[in-house]
Amino acid sequence: MQGETGIVHVVSSLPLELSGNVLGQSLIFHQESDNTQDRYALFAIDAEQEIGATDFTIHGTAPDHGSFEINQKIVIQPGIFTYEIVSGVDPSTIEDHSMSHDQQALAGINQSSSVRTWGIGCLIQLMNPVSYLLLGIVGHIMELNTKTSILALILGCYANNVNIYAAADGTVLFAGDLPIHEMHTIIDHGWGVYSTYSHQSQILINSGQEVKRGDLIGLIGNTGRSVGPHLHWEIKVNGIYVNPMSWLNNKYP
């Protein structure tokens with residue numbers, strides 16, 4: 001479905017070398033440990049991905065046992081999104097140079113740990129980054145100042161200076177200011193999964209820092225492209241924004 005996270009699960013008693021491709025994304029397979037027969041790869045379905053059938057390929061090689069390839073179609077179903085018109089946005093934050101500045105600053109942030117850190121025992125789902133005042137504006141299109149449209153998959157929590165907590169264990173890849181996101185934090189949770197936190201009034205962690213699930217990492221604010229205090233919380237998989245509510249409600253893998 002548009003805006004969701006896909007999982008490829010391969011079980012084999014052989015030491016397979018696996019690769020694959022779907023929706024232009026290379027499938028990178030991971031194991032929880034060396035003694036497991038399970039291998040997983042995550043992929044993201046963009047919110048604007050064309051619906052219908054698309055190609056899916058897996059290639060595997062087992063030493064002394066040859067190789068195999070699977071080619072088939074998978075079907076992308078339409079997502080369900082709401083529509084919102086937002087007025088009063090600072091015009092400077094929707095100009096091309098602001099967009100370019102944000103994109104350039106974040107372009108080099110594409111590394112991810114091969115160790116999955118979002119699962120702790122039975123706590124496989126991500127936790128809500130705000131302990132109360134949860135407002136789920138998830139999967140919606142925002143028209144800014146009636147002229148610029150963007151597609152957003154966010155979780156908003158509307159209140160000023162409310163604590164923000166790390167949704168899972170991870171490594172802070174970015175903690176700084178940007179024209180649009182303003183006080184912005186990115187946490188790597190491994191396997192190509194990131195959580196991001198925007199428009200904060202204060203950032204309480206630093207780049208390179210290791211954080212644990214539930215650690216206090218910042219305060220909700222009204223900075224950057226914002227018309228009121230809120231947390232713009234997003235989940236990215238392989239660099240693509242996906243529905244964060246799914247990561248609160250479902251187990252991956």
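These figures come from a predicted structure and were not determined experimentally. These numbers come from the heavy atoms of this one structure, side chains and all, not from hydrogens, waters or symmetry mates.
- Hydrophobic clustering of Ile, Leu, Val, Met, Phe, Trp and Tyr side chains at less than 4.5 Å, counting indirect connections, keeps V193 apart from M1.
- Residues S113 and D188 bring no donor and acceptor atom of their side chains to less than 3.5 Å of each other.
- No side-chain donor-acceptor contact under 3.5 Å links S13 and Q37.
- When all heavy atoms of L216 and I205 are compared, the closest pair comes out as O-CG2, 4.2 Å.
- Side-chain contact annotation: S198 with H184, donor-acceptor N/O pair under 3.5 Å present.
- Using modelled atom types and a 3.5 Å distance limit, the side chains of T185 and Q200 yield a donor-acceptor pair.
- At a cut-off of 3.5 Å, with distance as the only test, no side-chain donor of T196 or Y194 sits close to an acceptor on the other residue.
- With sequence neighbours left out, A44 forms a side-chain contact (heavy atoms from CB on, under 4.5 Å) with Q25, V237, I240, V242.
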**Message:** Apply side-chain contact (heavy atoms from CB on, under 4.5 Å) to residues Y165 and D215 and explain how you reach the verdict.
**Reply:** CA-CA 5 Å; Y165 303 99; D215 280 356; over 6 Å; no
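- Sorted by first and then second residue, the ring pair (Phe, Tyr, Trp, His ring centres under 6.0 Å) pairs with a member in residues 35-57 read H9-Y40; sequence neighbours excluded.
- With hydrophobic clusters built from ILVMFWY side chains whose heavy atoms lie under 4.5 angstrom apart, V8 shares a cluster with L23.
- Under the 30°/60° scheme for interplanar angles, the aromatic rings of H30 and W191 are found to lie parallel.
- Using a cut-off of 4.0 Å between Lys/Arg side-chain N and Asp/Glu carboxylate O, R213 and D169 are scored as not salt-bridged.
- A donor-acceptor pair shorter than 3.5 Å can be found between the side chains of E210 and T171.
- Atom CD of E50 has 12 or fewer heavy atoms from other residues, nucleotides or ligands within 6.0 Å.
- Follow the hydrophobic side-chain contacts under 4.5 Å out from V172 and you reach W233 in the same cluster.
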